[in-house]
Amino acid sequence: MSSEESSNEQKYVIYDMELLSKLIVGIGEVAEITGVPTRKIRYWEEKGIIKSVQEADGSTRRYDYVNIKKIVLVQELLEDGYTLDTAAKKVEDRIKNIDDVFQKIALQTLEPS
DNA sequence: GTTCTCACA
DNA sequence: TGTGAGAA
């Protein structure tokens, strides 16, 4: 999705957050789907910019919705010429901002004064 | 298929 | 910043 392939493609929007938050896939599938090689994913994790959730017995890395999203975002920023560190920082900031917004919304709607 | 580490670009 | 290769 480089630039302006805007109109005719109909996209599916997943709005079942409950299900979305439970999507956890292995590194192989993440690599295949996102186009980021497993080697690079491990490298990023080693750098601390993403983290995998580990099941007790298995040794294979598995990634949840948030981290898969990070992988995609970081990759886009890298393609735009950012360094890995700055890309990671921008991703963290964006996620934090979004979290803050929904935190405020949640507080306002769940605890109306 | 996955893991790690060392070395190299 | 990322890969290759070998070994487990």
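Predicted model, so just to flag it, every value in this text is computed and none were measured.
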**Q** Just the rounded figure in Å: distance from C1' of dT3(B) to CZ of Arg42(A).
**A**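 These atoms are roughly 7 Å apart.
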
**Q** Rounded to the nearest 0.5 Å, what separation is found between the CG atom of Asn67(A) and the CD1 atom of Ile41(A)?
**A**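 Answer for the CG-CD1 pair, Asn67(A) versus Ile41(A), is 10.5 Å.
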
**Q** Based on Watson-Crick and G-U pairs with both distances under 3.5 Å, what dot-bracket line describes DNA chain C 5' to 3', crossing pairs as [ ] and inter-strand pairs as |?
**A** .|||||||

**Q** Rounded to whole Å, how long is the line connecting atom CD1 of Ile41(A) with atom C1' of dG1(B)?
**A**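 Going from Ile41(A) (CD1) to dG1(B) (C1'), I get 14 Å.
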
**Q** Taking a hydrophobic cluster as the set of Ile, Leu, Val, Met, Phe, Trp and Tyr residues connected by side-chain heavy atoms closer than 4.5 Å, whether directly or through intermediates, do Leu20(A) and Ile33(A) fall within one such cluster?
**A**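 Result: no, two separate clusters.
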
**Q** Whole-Å distance between dA5(C) P and Tyr43(A) OH?
**A**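 Taking atom P of dA5(C) as the reference, OH of Tyr43(A) is at 19 Å.
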
**Q** Can you list, by chain and residue number, the hydrophobic cluster partners of Phe102(A) when the side-chain cut-off is 4.5 Å?
**A**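 Traced through the cluster, Phe102(A) reaches Ile98(A), Val101(A), Ile105(A).
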
**Q** Checking Lys40(A) now: which residues fulfil side chain to side chain donor-acceptor pair (under 3.5 Å) with it, not counting sequence neighbours?
**A**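 By the side chain to side chain donor-acceptor pair (under 3.5 Å) rule, Lys40(A) matches no residue at all.
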
**Q** Who pairs with Asp80(A) by side chain to side chain donor-acceptor pair (under 3.5 Å), at least two apart in sequence or on another chain?
**A**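 Testing Asp80(A) for side chain to side chain donor-acceptor pair (under 3.5 Å), a comparison that skips the adjacent residues, returns none.
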
**Q** To the nearest 0.5 Å, what is the distance between CG on Leu84(A) and CG on Leu78(A)?
**A**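 Going from CG on Leu84(A) over to CG on Leu78(A), the span is 5.5 Å.
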
**Q** For DNA chain C, which residues of residues 26-36 of chain A approach it to below 4.0 angstrom with any heavy atom?
**A**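 Heavy-atom cutoff 4.0 Å gives no residues at all.
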
**Q** So which protein nitrogen or oxygen atoms get under 3.5 Å of nucleotides 5-7 of chain B's nitrogens or oxygens?
**A**
residue, atom, partner, partner atom, Å
dC6(B), N4, Arg39(A), NH2, 3.4

**Q** From CG of Leu84(A) over to C1' of dT1(C), roughly how many Å is that when rounded to an integer?
**A**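 Going from Leu84(A) (CG) to dT1(C) (C1'), I get 7 Å.
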
**Q** Tabulate below the donor-acceptor pairs under 3.5 Å that side-chain atoms of residues 85-92 of chain A make, not counting sequence neighbours, or state none.
**A**
residue, atom, partner, partner atom, Å
Thr86(A), OG1, Thr83(A), N, 3.1
Thr86(A), OG1, Thr83(A), O, 3.0
Thr86(A), OG1, Thr83(A), OG1, 2.9
Lys89(A), NZ, Asp93(A), OD2, 3.1
Glu92(A), OE2, Lys70(A), NZ, 3.1

**Q** Going by the salt bridge (Lys or Arg N to Asp or Glu O under 4.0 Å) test, which pairs reach into residues 43-53 of chain A, not counting sequence neighbours?
**A**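 Residue pairs with at least one partner in residues 43-53 of chain A: Glu45(A)-Arg61(A).
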
**Q** Same cluster or not: Val66(A) versus Val72(A), using hydrophobic residues (I, L, V, M, F, W, Y) connected whenever any side-chain heavy atoms lie under 4.5 Å apart?
**A**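 As far as the 4.5 Å side-chain criterion goes, Val72(A) and Val66(A) are not connected within one cluster.
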
**Q** Just N and O in the side chain of Trp44(A): are any of them under 4.0 Å from OP1 or OP2 of dT1(C)?
**A**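 For Trp44(A), the contact criterion (side-chain N or O under 4.0 Å from OP1 or OP2 of dT1(C)) is not met.
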
**Q** Please enumerate all residues that pass side chain to side chain contact (heavy atoms under 4.5 Å, CB included) together with Ile24(A), with sequence neighbours excluded.
**A**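 In terms of side chain to side chain contact (heavy atoms under 4.5 Å, CB included), with neighbours along the sequence ignored, Ile24(A) is linked to Val53(A), Arg62(A), Asp64(A).
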
**Q** Does Tyr82(A) have any side chain to side chain donor-acceptor pair (under 3.5 Å) partners at least two apart in sequence or in another chain, and if so, which?
**A**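 Scan of Tyr82(A) (side chain to side chain donor-acceptor pair (under 3.5 Å), adjacent residues dropped) gives none.
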
**Q** Would you call Asp100(A) and Lys96(A) a salt bridge, using N to O less than 4.0 angstrom?
**A**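 Lys96(A) and Asp100(A): salt-bridged.
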
**Q** Within this structure, what is the CD1-to-P distance between Ile50(A) and dG2(C), rounded to whole angstrom?
**A**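 The answer, rounded to whole Å, is 11 Å.
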
**Q** Holding to side chain to side chain donor-acceptor pair (under 3.5 Å), I want the full list of residues that pass it with Lys22(A), two or more places apart in sequence or in another chain.
**A**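 Partners of Lys22(A) under the side chain to side chain donor-acceptor pair (under 3.5 Å) test: none.
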
**Q** To the nearest Å, give me how far apart CD (Glu79(A)) and C1' (dT1(C)) are.
**A**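 Glu79(A) atom CD is separated from dT1(C) atom C1' by 14 Å.
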
**Q** Rounding to a whole Å, what distance do you find between Ile71(A):CD1 and dG2(C):C1'?
**A**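 Atom CD1 in Ile71(A) sits about 15 Å away from atom C1' in dG2(C).
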
**Q** With the threshold set at under 4.0 Å for non-hydrogen atoms, list the residues of residues 61-69 of chain A touching DNA chain C in residue-number order.
**A**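 Within residues 61-69 of chain A, no residue comes under 4.0 Å of DNA chain C.
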
